[in-house]
Number of protein chains: 4
Amino acid sequence: MRNVPAKLAAKLYGAADLIADKGIADAKIEEIADASGVPIATLYYYFRGKEEILAFLLGDLLESIAGEVGAAMSKPGTAIDRLKWAVEAQMRVMLENPAACRALVGDLGRATRLPELATALESAFHQPLEQLLREGVEDGTLRAVQDPGKAALSVFGTITIAGLTGTVAQPEHAASYAQETVQAVCDLLLEGLRPRE
Amino acid sequence: MRNVPAKLAAKLYGAADLIADKGIADAKIEEIADASGVPIATLYYYFRGKEEILAFLLGDLLESIAGEVGAAMSKPGTAIDRLKWAVEAQMRVMLENPAACRALVGDLGRATRLPELATALESAFHQPLEQLLREGVEDGTLRAVQDPGKAALSVFGTITIAGLTGTVAQPEHAASYAQETVQAVCDLLLEGLRPRE
Amino acid sequence: MRNVPAKLAAKLYGAADLIADKGIADAKIEEIADASGVPIATLYYYFRGKEEILAFLLGDLLESIAGEVGAAMSKPGTAIDRLKWAVEAQMRVMLENPAACRALVGDLGRATRLPELATALESAFHQPLEQLLREGVEDGTLRAVQDPGKAALSVFGTITIAGLTGTVAQPEHAASYAQETVQAVCDLLLEGLRPRE
Amino acid sequence: MRNVPAKLAAKLYGAADLIADKGIADAKIEEIADASGVPIATLYYYFRGKEEILAFLLGDLLESIAGEVGAAMSKPGTAIDRLKWAVEAQMRVMLENPAACRALVGDLGRATRLPELATALESAFHQPLEQLLREGVEDGTLRAVQDPGKAALSVFGTITIAGLTGTVAQPEHAASYAQETVQAVCDLLLEGLRPRE
DNA sequence: CATGAATGAGCTTTCATTCAT
DNA sequence: CATGAATGAAAGCTCATTCAT
């Protein structure tokens, strides 16, 4: 993959929706060219093939999510606050990049085929999250769960499906949807479903 | 789509793994034929094309999940118990049908099949779950959350991603994985992350 | 080809239009089955294959044309009268069987592939016509042309294209069209285009 | 259909015989590729499918016939002379392009392409011919027939079937056949079959 | 005698990719 | 550096045909 000029990258986002809707396998290179306005041959000048285009788009997304989530988690504050901020950050990035986000989820189940994807997810989400859960126990703002790894996965799953549903369902009310959903998710994850006496 | 004989349906499951691994777009019809033992021409006698084969498999899966989850929720017991059973049921069915399940998630963000899929998911999971949350408030075993719809979605998302991760990661230790994960998920969802005094 | 029951033959005519429009190669056996109301497998019970169905329909048509034209030529009268009757007869049969007729012409150019067709045409039209031209010279009602074979062919061609145009263009005014066309054709063929002083 | 380069068009004529012999439906695309020396994928780069290839060849033929016939009719001379020249011209072009010509006739009765074909034929043959017949009346070299339209059609039919028969039957003696047939056809059409006293 | 179900064989078409310009 | 033109290599799909009932 050659160094992708910013102008080209910008055009490529125009094809993200297409790829998200049809999946990379069903999105024909000609369609990607049409949707992005970049000639086929030019795509091949910069990328090795279709897969690399997807990789570029997803990589971009993951980097930006990881960056934002990481930043949210690193801000000074109690673990519980930082968890909320992280949830907000992930939800925000997802709703800001609905297409790439859907493309990402579309390939979640095929993570086997995309080891890099699995690795990237691991370091972008799970590890920071797990770390945060541990820190929450230390500072006393979070409860000690038995299996922090699975808990981190659950938190990720909750936000991901909620975010995905948002990107699919209500593109126009993204802002309010995000806020409400973040609130509901945080409430559920923090307080649980069992009544507190 | 012609009426699919049971014998044929049974054979088709033999191709579910293939479809889940490669995605329907990358699974060649010849491979599906080989994996299932059904001649290509016979596949086309019963189905309009590759997509319809996937639709059939997914429809079948959703029905079976909905059935099991519904049964779990309908058993006599407190809402909190029935919620646990429902979580267990969904997890069990997912791990029993890992391939179809991964294919299903692969389609979650796709626009193509979204309408039907969304509807099917809605009635198979969200509605019963929401109903259950409400009943839990009545019988006092569950807390009243502000937005039961979003809570139901979150619960679904938690289990789904956890289940999906299980199907991808550890096909051989499915049983113990399921148990542990169900426990972790239930613990998280019921008790929440904030410490109880 | 088994002995074709009248009832089946009658149904088959329902597919003649289809065959005429698309040609036998493009008319799928399933379409022929649908158009005629005869199940595919039943067609194969009576015929060896698609080609034989076409052969049956064309054979039927040619027999009936040959019969009518032959009858017209055999009636007592001068050669010039019998020629007119023959022209009328061919035109009539063509307009009565427009579909089969178009199918026939559609395969005229591939007569090489259908030797029987060429032979049948030869004996149904050319030979009687040539004979008639000769008899006209004898009874003094027709002029002696240099090459009676080519003249016979020309007469056949004139009627055939005129008839074909009729079947294609104006199915509803067949009757009047036939009459006018027969008149015009006879006038042209008998009187020629050069002025008689 | 993309703009077809002359070089490609030239190669395509190499497949005309094949198409004429088997009909477009029976001519496999691979055979067309072999016969023309143009790779299959290249054919599909320029044409939408097999049918479009045929359409291109027929369109080309009709244009060339129309051009030659038009030129023959436009030469200075009496109407009767120009009619002879036109007959000669059509016969010549048909025998020069026997393959495309047979393909053309094979399509005469087909509904599929009829509208365009009918229109093309109308302007290429019928109209000029009808005009010629009228001019013949004016300059006194042709007789006034009652229905010039039908007469023009008849003339066209006579030449067409005669030409077609020639292309099918005797490809090797084309030259002499053409001469004899033109003579016979002109003789018949001009003098008629009824004896002149 | 008639037919629904099933399939082998092969076709058309697609599409990612290359390369001369 | 960017791209229109061209193509090799599959792949999806069709369809005539068969046969058990």
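Please read all numbers here as calculations on a predicted model, not as lab measurements. Order of the sequence lines sets the chain letters (A, B, ...), proteins ahead of strands, with each chain counted from 1.
For Lys28(A), taking side-chain heavy atoms from C-beta onward, the closest of the listed nucleotides dT14(F), dC15(E), dC19(E) is dC15(E). Comparing atom distances between the Tyr46(A) side chain and each of dC15(E), dA2(E), dC1(F) picks out dC1(F) as nearest. In this structure, the nucleotide among dG12(F), dA16(E), dT17(F) sitting nearest to the side chain of Ile40(C) is dT17(F). Closest approach to the Arg2(B) side chain among dA5(E), dC15(F), dC13(F) is made by dA5(E) (side chain taken as heavy atoms from C-beta onward). Of the candidates dT3(F), dT13(E), dT7(E), dT7(E) carries the atom nearest the Tyr45(B) side chain, counting heavy atoms from C-beta on. Considering only side-chain atoms of Pro39(B), the nucleotide from dG8(E), dT14(E), dT17(E) that sits closest is dG8(E). The side chain of Ala41(D) has dC15(E) as its nearest neighbour among dC19(F), dC15(E), dC13(F). Checking dT17(F), dA2(F), dT3(E) against every side-chain atom of Thr42(A), the shortest atom distance belongs to dA2(F).
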Leu8(C) vs Arg2(C), side-chain contact (heavy atoms from CB on, under 4.5 Å): CA-CA, chis, key distance, verdict = CA-CA 12 Å; Leu8(C) 178 63; Arg2(C) 285 167 201 263; over 6 Å; no
*asked:* Go through it in stages, so that I can follow the logic: the residues are Ile53(B) and Ile29(B), the test is side-chain contact (heavy atoms from CB on, under 4.5 Å), and I'd like the CA-CA distance, side-chain angles, deciding distance and then a yes or no.
replied: CA-CA 10 Å; Ile53(B) 298 177; Ile29(B) 192 78; 4.0 Å; yes
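Nucleotide dA11(F) holds its P atom 17 Å from the CD atom of Glu51(B), rounded to whole Å. Following rounding to the nearest Å, Asn3(D) (CG) and dG4(F) (P) show an atom-to-atom distance of 16 Å. A straight line from NZ of Lys22(C) to C1' of dT14(F) spans 13 Å, rounded to a whole angstrom. Rounded to an integer number of Å, the gap from Lys50(B) NZ to dC13(F) C1' is 12 Å. As rounded to whole Å, 14 Å separates atom P of dG4(F) from atom CD1 of Ile29(A). Atom CZ of Phe47(B) and atom C1' of dT14(F) are 18 Å apart (whole Å). Taking atom CD on Glu52(A) and atom P on dA16(E), their separation rounds to 15 Å, with Å as the unit. Between the CG atom of Leu8(C) and the P atom of dC1(E) there is a distance of 13 Å, rounded to whole Å.
The residue among Ala25(D) and Ala25(A) whose nearest nucleotide of DNA chain E lies closer to the 5′ end is Ala25(D). Two residues, Val38(A) and Tyr44(B), neighbour DNA chain F, and the one matched to the more 5' nucleotide by heavy-atom proximity is Val38(A). Ranked by how close their nearest DNA chain F nucleotide is to the 5' end, Glu30(B) and Leu43(D) are led by Leu43(D).
Applying the 6.0 Å contact sphere to CD of Glu30(D) captures no more than 12 heavy atoms from other residues, nucleotides or ligands.
Remark: dA20(E) base-pairs with dT3(F); criterion is Watson-Crick or G-U wobble with both hydrogen-bond distances under 3.5 Å. Applying the Watson-Crick and G-U wobble criteria (two distances, each under 3.5 Å), dC13(F) pairs with dG10(E).
Contact annotation for Ala27(D): backbone-only contact, meaning every heavy-atom pair under 4.0 Å involves sugar-phosphate atoms and none involves a base.
A donor-acceptor pair is defined here as one N or O able to donate and one able to accept, closer than 3.5 Å; no such pair exists between the side chain of Lys22(D) and the backbone of Lys28(D).
Residues Leu12(A) and Leu43(A) are in side-chain contact: their nearest non-hydrogen atoms beyond the backbone lie under 4.5 Å apart.
The two residues Glu52(A) and Arg48(A) have their closest heavy-atom pair at OE1-N, 3.0 Å.
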